[in-house]
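Report on the structure given below.
Hydrogens, waters and symmetry mates play no part in the numbers below; they use all other heavy atoms, side chains included.
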Amino acid sequence: MHLYKTMKNFLMDFNYYIDMYEEKIHVFNYIDIEKLTSTEIILAMPSFTLTLKGVSFVVKRLEKREILIEGILEDVRFTR
């Protein structure tokens with residue numbers, strides 16, 4: 001299922017997408033990392049700012065415009 005979703009997003013060229021799994025967050029097509037700590041991550045997205053707060057955040061994968069974060073998510077905020 002994940003491969004299907006990834007291919008669909010690639011072919012349809014969405015501006016961004018955010019996937020949340022158990023203790024993992026995957027964000028595709030962010031603009032910039034504004035803050036990165038073990039308890040808070042702030043990402044500039046195309047039309048808003050995404051703030052993730054939680055416990056034990058660790059970046060498991062970082063590529064151009066794509067990030068995979070592992071940890072316990074407690075709060076998500078979208079700010080325009």
Side-chain angles (χ1 to χ4, degrees):
M1 184 65 174
H2 179 68
L3 179 60
Y4 168 76
K5 189 174 183 180
T6 301
M7 289 301 293
K8 180 180 172 188
N9 286 328
F10 175 76
L11 294 173
M12 296 187 79
D13 194 26
F14 292 128
N15 288 333
Y16 65 88
Y17 67 84
I18 302 164
D19 290 318
M20 291 186 217
Y21 305 100
E22 188 173 329
E23 297 191 10
K24 288 186 177 62
I25 303 111
H26 176 238
V27 181
F28 176 75
N29 216 14
Y30 68 92
I31 304 297
D32 192 22
I33 299 173
E34 294 181 1
K35 184 175 183 180
L36 181 61
T37 69
S38 64
T39 59
E40 184 176 32
I41 297 174
I42 301 175
L43 300 173
M45 301 297 289
S47 60
F48 60 91
T49 300
L50 175 66
T51 302
L52 306 170
K53 292 186 180 184
V55 179
S56 304
F57 283 151
V58 177
V59 175
K60 297 303 263 184
R61 184 174 176 194
L62 180 65
E63 295 184 15
K64 184 177 181 182
R65 298 188 170 247
E66 187 171 5
I67 188 169
L68 177 63
I69 303 156
E70 187 175 87
I72 300 168
L73 182 64
E74 296 177 337
D75 188 39
V76 178
R77 294 188 188 254
F78 298 88
T79 309
R80 290 203 183 263

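The ring-ring contact (aromatic ring centres under 6.0 Å, His included) test applied to Y21 returns no partner, not counting sequence neighbours. Listed by chain and number, the residues in a salt bridge (Lys or Arg N to Asp or Glu O under 4.0 Å) with R65 amount to none (sequence neighbours excluded). Residues satisfying the salt bridge (Lys or Arg N to Asp or Glu O under 4.0 Å) criterion with D32, sequence neighbours excluded, are absent altogether. Scored by the side-chain hydrogen bond (donor to acceptor under 3.5 Å, both in side chains) test, E40 finds K35 as partners (sequence neighbours excluded).
The CD1 atom of I18 sits 10.0 Å away from atom CD1 of I25, with the distance rounded to the nearest 0.5 Å.
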Identify each donor-acceptor pair in which a side-chain atom of residues 43-62 lies under 3.5 Å from a protein atom, sequence neighbours left out, and give them as a table.
from, atom 1, to, atom 2, distance (Å)
R61, NE, E63, OE2, 2.8
R61, NH2, E63, OE2, 2.7

Result block: side-chain N/O donor-acceptor pairs under 3.5 angstrom for residues 70-79, not counting sequence neighbours:
from, atom 1, to, atom 2, distance (Å)
E70, OE2, K24, NZ, 3.3
D75, OD2, R77, NE, 2.7
D75, OD2, R77, NH2, 3.4

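No continuous path of hydrophobic side-chain contacts links L68 to M20 [ILVMFWY only; heavy atoms under 4.5 Å].
Shortest non-hydrogen contact noted between E66 and Y30 is N-CE2, 3.3 Å.
The salt bridge (charged side-chain N to carboxylate O under 4.0 Å, His left out) contacts involving residues 42-51 comprise nothing, where partners must be two or more places apart or lie in separate chains.
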